[in-house]
Amino acid sequence: MRIVVPAGGIGGARFLRGLKAALGIDAPTSGNQTTDSTSTITVIGNTGDDITLFGLRICPDLDTVMYTLGGGINEEQGWGRAEESFTVKEELAAYGMRPTWFGLGDRDTATHIVRAQMLAAGYPLSAVTEALCDRWKPGVRLLPMTDDQVETHVVVEDEEGRRAIHFQEWWIRHRAALPAEQIISMGAESAKPAPGVLGAIAEADAVILPPSNPVVSVGSVLGVPGIREALLDKTVVGVSPIIGGAPVRGMADACLAAIGVETSAAAVAEHLGSDLLDGWLVDEADEAACQGVEGIEVRSRPLYMSDPAATEAIARAAVDLAVELSGGRA
Ligand code: GDP
Ligand code: CA
């Protein structure tokens, strides 16, 4: 089975770990491509969170997927490296360097230096990501959604006035507490899908939307011209990131409010659209409220990714639904 997964950071990465287990893709020996299983996963990673700080290009969501699947993630936190230290961050602050709110770890910095060096030498982000994955061997093919610069910016207003700030500043520094008037995907209109993205979609037996942030993760990927259109021909099953009217972790409700979508499993399905979604997996708590969703096959089961076994079972349910909805073609 060939599965394509457009993914953000924590929610996407955790789900992908369960999906690998469900499909029997587990060998840490495989490279940026799975070789040991009849099933393959291609991840289209969100790069809208990317930011340039201290001359380094930082790709939080690509790195979260790479570290989580490659065994280098800080498990409790869900992002950043395990056994991390912050000497570089402290030294930068001692020089008065701004910003100070970004969690730049020492081990993580090495990844960003490799990336900065390769980008400066002219390699596209897709080639850089492949090179980084040579070390981490995530067992999936990890592609950025685009090699072009696309950045999510958020329009806010406070005592400093009305302005657009980078998504990371809004999310980390302000904890998404400053009301967002608008969320803009800067550069998206002229971006092209990265090499391999449209080909992977064309060859896919199914597409699974993990429980990633529907606005700034999945929404950013779908916002690259050509990607959403390509997915319309496919069997697409989504896993709801909203349980009982709340995002399980993070502040996705603030993102949904900014685009005028209610924080509910039903509203997110309707926002994604019945032209895109064939199936929608929701938590049992949301089953009744999703009965009214038209044109999308809704199934329910517990959706908390509380441990690897629970996450694997969620992924298996998503695969089963995709197989069923594709009439056995997937
Ligand atoms: P980020 O880029 O690190 O913010 O991560 P993602 O965009 O991939 O995922 C964030 C989303 O994951 C949030 O909207 C959460 O609601 C969702 N999420 C996190 N944990 C769980 C879980 O256990 N179950 C479900 N269904 N969603 C989850
Ligand atoms: Ca993210």
Side-chain angles (χ1 to χ4, degrees), residues 5-19 43-51 58-69 73-80 102-103 142 144-145 150-152 154 166-172 175-176 183 185 208-223 237-259 261 263-265 267-269 271-272 280-287 290 299-315 317-318:
V5 180
I10 301 177
R14 292 221 166 132
F15 177 81
L16 282 162
R17 197 152 57 178
L19 185 62
V43 178
I44 307 176
N46 171 42
T47 59
D49 289 14
D50 294 9
I51 187 168
I58 298 173
C59 304
D61 286 359
L62 291 177
D63 289 351
T64 295
V65 171
M66 182 173 79
Y67 294 153
T68 301
L69 302 185
I73 200 77
N74 177 326
E75 287 290 342
E76 293 97 81
Q77 206 168 243
W79 56 270
F102 194 83
L142 177 58
M145 65 190 197
V150 174
E151 282 189 1
T152 305
V154 181
H166 193 286
F167 170 74
Q168 296 292 349
E169 182 174 358
W170 181 64
W171 193 253
I172 299 171
R175 307 289 307 154
I183 295 181
S185 201
I208 298 182
L209 305 183
S212 282
N213 187 309
V215 184
V216 296
S217 293
V218 171
S220 300
V221 178
L222 298 178
V237 166
V239 180
S240 177
I242 305 300
I243 299 180
V248 183
R249 48 185 299 164
M251 301 148 298
D253 48 336
C255 301
L256 286 164
I259 62 164
V261 174
T263 300
S264 73
V268 170
H271 167 67
L272 290 168
W280 187 233
L281 202 56
V282 303
D283 191 84
E284 287 160 332
D286 301 306
E287 187 180 5
C290 286
R299 294 291 154 79
S300 76
R301 66 169 337 280
L303 281 194
Y304 283 103
M305 299 188 285
S306 41
D307 58 50
T311 309
E312 183 181 340
I314 294 169

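When a residue number appears, it is its place in the shown sequence, counting from 1. Computed from a predicted model, the values in this text were never measured in an experiment. Atoms within each ligand, like the ligands themselves, are counted from 1 in listed order. Heavy-atom basis, side chains included; hydrogens, waters and symmetry copies ignored.
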- Atom pair CG/CZ of Asn213 and Arg249 - distance to nearest 0.5 Å: 13.0 Å
- Nearest heavy atom to atom 4 (O) of ligand 1: which of Trp79, Tyr304, Trp171 does it belong to? Trp171
- Closest to atom 19 (C) of ligand 1 among protein heavy atoms sits Arg249 CG, 3.3 Å
- Separation between CG of Asp50 and CG of Leu62, rounded to the nearest 0.5 Å: 6.0 Å
- First locate atom CG of Leu209, then atom OG of Ser240, and finally report the distance between them rounded to the nearest 0.5 Å. 11.0 Å
- Item | Ligand-side contact atoms (ligand 1) for residue partner Ala252, heavy atom cut-off under 4.0 Å | 14 (O)
- Task: If you have a sec, work out which protein heavy atom is nearest atom 8 (O) of ligand 1 and how many Å separate them, to one decimal?
- Result: Ser212 OG, 2.7 Å
- Task: Please write down residue, atom name and distance for the protein heavy atom closest to atom 26 (N) of ligand 1.
- Result: Ser240 O, 2.9 Å
- Query: Please state which protein non-hydrogen atom is closest to atom 23 (O) of ligand 1 and give its distance, to 0.1 Å?
  - Reply: Met305 N, 2.8 Å
- Task: For atom 3 (O) of ligand 1, grab the closest protein heavy atom and report residue, atom and distance to one decimal in Å.
- Result: Ile10 N, 2.8 Å
- Message: For atom 6 (P) of ligand 1, which of the options Pro6, Gly9, Ala265 provides the nearest non-hydrogen atom?
- Response: Gly9
- Query: Short list, please: which atoms of ligand 1 are under 4.0 Å from a heavy atom of Ser217?
  - Reply: 2 (O), 6 (P), 7 (O)
- Task: Name the closest protein heavy atom to atom 25 (C) of ligand 1, giving the residue it belongs to and the distance to 0.1 Å.
- Result: Leu303 O, 3.4 Å
- Under-4.0 Å heavy-atom contact with ligand 1, by part of Asp61 that carries it: side chain
- If you measure from atom 10 (C) of ligand 1 to every heavy atom of Ile314, Ile243, Asp283, Asn213, which option wins on shortest distance? Asn213
- Carefully, step by step, assess Val216 and Trp170 under the rule side chain to side chain contact (heavy atoms under 4.5 Å, CB included). CA-CA 12 Å; Val216 296; Trp170 181 64; 5.6 Å; no
- Leu303 CG to Ile243 CD1 distance, which is reported to the nearest 0.5 Å: 5.0 Å
- Item | N, O or S atom within Asp49 nearest to the Ca ion (ligand 2), by name | OD2
- With atoms numbered from 1 as shown, which atoms in ligand 1 lie under 4.0 angstrom from a non-hydrogen atom of Pro247? 16 (O)
- Where is the nearest protein heavy atom to atom 16 (O) of ligand 1: which residue, which atom, and how far? Pro241 O, 2.7 Å
- Could you tell me the separation between the CG atom of Asp63 and the CD1 atom of Ile73, rounded to the nearest 0.5 Å? 8.5 Å
- Query: In terms of residue, atom name and distance, what is the protein heavy atom nearest to atom 17 (C) of ligand 1?
  - Reply: Pro211 O, 3.2 Å
- How far apart are the closest heavy atoms of Arg301 and Ile314, and which atoms are they? NH1-CG1, 3.6 Å
- What about Gly11: any of its N or O atoms under 3.5 Å from an N or O on ligand 1? yes
- Which atoms of ligand 1 are found less than 4.0 Å from any heavy atom of Gly12? 8 (O)
